[in-house]
K.L.:
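Questions regarding the structure given below will be posed in turn.
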Amino acid sequence: MAAATADTTAPAYDRMKAVKEFDESKSGVKGLSDSGITSIPDIFVHPPDTFSELKPSSNAATLSIPVIDLSDLNSTDRRPMIVAQIKEAARTWGFFQLINHGVPVSTIDEILDAIKAFHEQPQEAKSKYYRRDENRGVMYSSNNDLYRSRAATWHDALQVWMGPDPPEVEEIPEVCRGEVVAWDCHATEVAENVMELLGEGLGLERGRFKELTFSEKRLFVGICYPPCPEPERTVGLTPHSDTSFLTVLVQNQVKGLRVKHGGEWVEVSPVRGGLIVNVGDFLQIVSNGEYRSVEHCVAANAAEEPRISIVMFFNLVKWRSGSSNYYGPLPELLSTERPAIYRDFTEQEFFHNLFSKGFDSKSLIAKIKIPN
């Protein structure tokens with residue numbers, strides 16, 4: 001009997017073809033999850049060493065991001081203490097959670113429910129928003145960096161640019177339209193309050209960051225992390241730092257967010273009614289390294305219900321004047337004793353770094369750091 005030979009006729013795996021087929025289906029990972037699959041497509045599979053690196057800290061029970069109470073924010077007794085707490089959290093963690101921030105719990109529940117309702121619509125209702133034009137208008141997609149990353153991640157997102165040029169209200173999906181518009185107002189108010197506190201922590205005049213237009217370019221992102229049949233083989237979001245100035249996030253009660261602190265990953269337990277704020281790369285640069293953006297990621301959802309998070313990214317509109325259109329550490333924070341540790345960079349350099357690759361951590365900061 002002839003010896004069996006290996007089948008050499010099987011076609012080689014064409015990853016880009018598989019990515020394109022997934023993208024063109026416009027079904028997202030929610031569609032895959034709802035279909036009842038028991039194994040994830042190969043484009044979502046991450047190398048095994050990914051998961052050993054992302055393992056939560058063994059000290060998880062004793063580690064948590066700072067929680068800051070904003071009640072009586074403008075009282076002469078409380079405000080200096082809150083400024084000190086936020087400054088310390090932004091320096092050491094890059095993340096903190098706000099309570100008594102002025103946004104009703106009912107409003108938070110409404111935006112979470114509205115984004116969940118959007119993602120739970122039939123594919124035909126969502127697909128008309130599905131596209132890949134990341135820098136304007138309304139867009140529903142799976143994985144912004146789908147064509148730039150080495151492995152896809154298990155999430156879908158609805159994004160809406162709320163400033164400086166918001167879409168016509170009718171362009172926002174009806175199922176979440178009113179809630180998205182309302183949330184933009186609430187999150188912006190919170191962000192501007194936090195920016196004032198962060199500015200005061202640096203010794204800046206109150207309102208300085210608002211004057212520099214750091215709350216005018218606003219991106220709303222409503223993310224759904226559907227249940228995953230093989231959460232041990234993929235992730236919800238790969239480790240990255242936010243390129244923005246400041247980020248405001250609210251999540252439902254399904255865990256998943258992890259923050260890197262002291263070389264370990266710390267799981268962020270949801271606090272109902274709490275708002276999570278984190279420092280972006282831009283704020284680290286503007287503050288000349290006083291505040292720190294940090295790596296964070298989201299584990300693939302092993303729960304039976306979807307994980308929903310609402311993220312508002314804040315960034316500037318008005319770059320410095322002049323033909324170079326540049327930015328860097330604020331001049332008023334620099335001195336002979338504390339010289340700039342980052343060089344100035346252009347708007348074009350910022351966007352090229354953002355869109356030329358998949359999500360990563362602090363790559364722009366690494367590029368513009370001035371050698372010692």
K.L.:
Is the side chain of Asp14 donor-acceptor paired with the backbone N or O of Lys17 at a distance under 3.5 Å, no angle test?
P.N.:
yes
K.L.:
Of the non-hydrogen atoms in Asn353 and Lys367, which two are nearest, and what is the gap between them?
P.N.:
OD1-NZ, 2.6 Å
K.L.:
Are the charged groups of Lys210 and Glu216 less than 4.0 angstrom apart, N to O?
P.N.:
no
K.L.:
With the threshold set at 4.0 Å, does a side-chain nitrogen-carboxylate oxygen contact exist between Glu200 and Arg79?
P.N.:
yes
K.L.:
Between the side chain of Thr213 and the main-chain N/O of Lys318, is any donor-acceptor distance below 3.5 Å?
P.N.:
yes
K.L.:
Check this for me: does any side-chain nitrogen of one of Glu88 and Arg91 sit under 4.0 Å from a carboxylate oxygen of the other?
P.N.:
yes
K.L.:
Quick one: sort the Phe355 and Phe351 rings into parallel, tilted or perpendicular, breaks at 30° and 60°.
P.N.:
parallel
K.L.:
Mind checking whether Arg78 and Ser71 have side chains closer than 4.5 Å, heavy atoms only?
P.N.:
yes
K.L.:
Say whether, by atom type as modelled, one donor and one acceptor occur between the side chain of Thr153 and the main chain of Val235 under 3.5 angstrom.
P.N.:
no
K.L.:
Rounded to the nearest 0.5 Å, what's the gap from CG on Leu249 to CD1 on Ile310? Could you check?
P.N.:
8.5 Å
K.L.:
Would you say His101 and Leu73 make side-chain contact, with heavy atoms under 4.5 Å?
P.N.:
no
K.L.:
Start with the C-alpha distance between Thr107 and Trp183, add both sets of side-chain angles, then the distance that settles side chain to side chain contact (heavy atoms under 4.5 Å, CB included), and finish with yes or no.
P.N.:
CA-CA 8 Å; Thr107 300; Trp183 188 251; 4.3 Å; yes
K.L.:
Answer yes or no: is there an ion pair linking Arg218 with Asp184, defined by an N-O contact shorter than 4.0 Å?
P.N.:
yes
K.L.:
In this structure, which one of His155, His240, His296 forms a ring-ring contact (aromatic ring centres under 6.0 Å, His included) with Phe359?
P.N.:
His240
K.L.:
Verify, without hydrogens or angle tests, whether Arg258 (side chain) and Val266 (backbone) share a donor-acceptor contact under 3.5 angstrom.
P.N.:
no
K.L.:
After noting the C-alpha distance and the side-chain angles of Phe313 and Phe245, does the key distance pass the ring pair (Phe, Tyr, Trp, His ring centres under 6.0 Å) rule?
P.N.:
CA-CA 8 Å; Phe313 297 102; Phe245 184 82; over 10 Å; no
K.L.:
Check whether any side-chain N or O of Asn288 sits under 3.5 Å from a backbone N or O of Pro339 as a donor-acceptor pair, and report yes or no.
P.N.:
yes
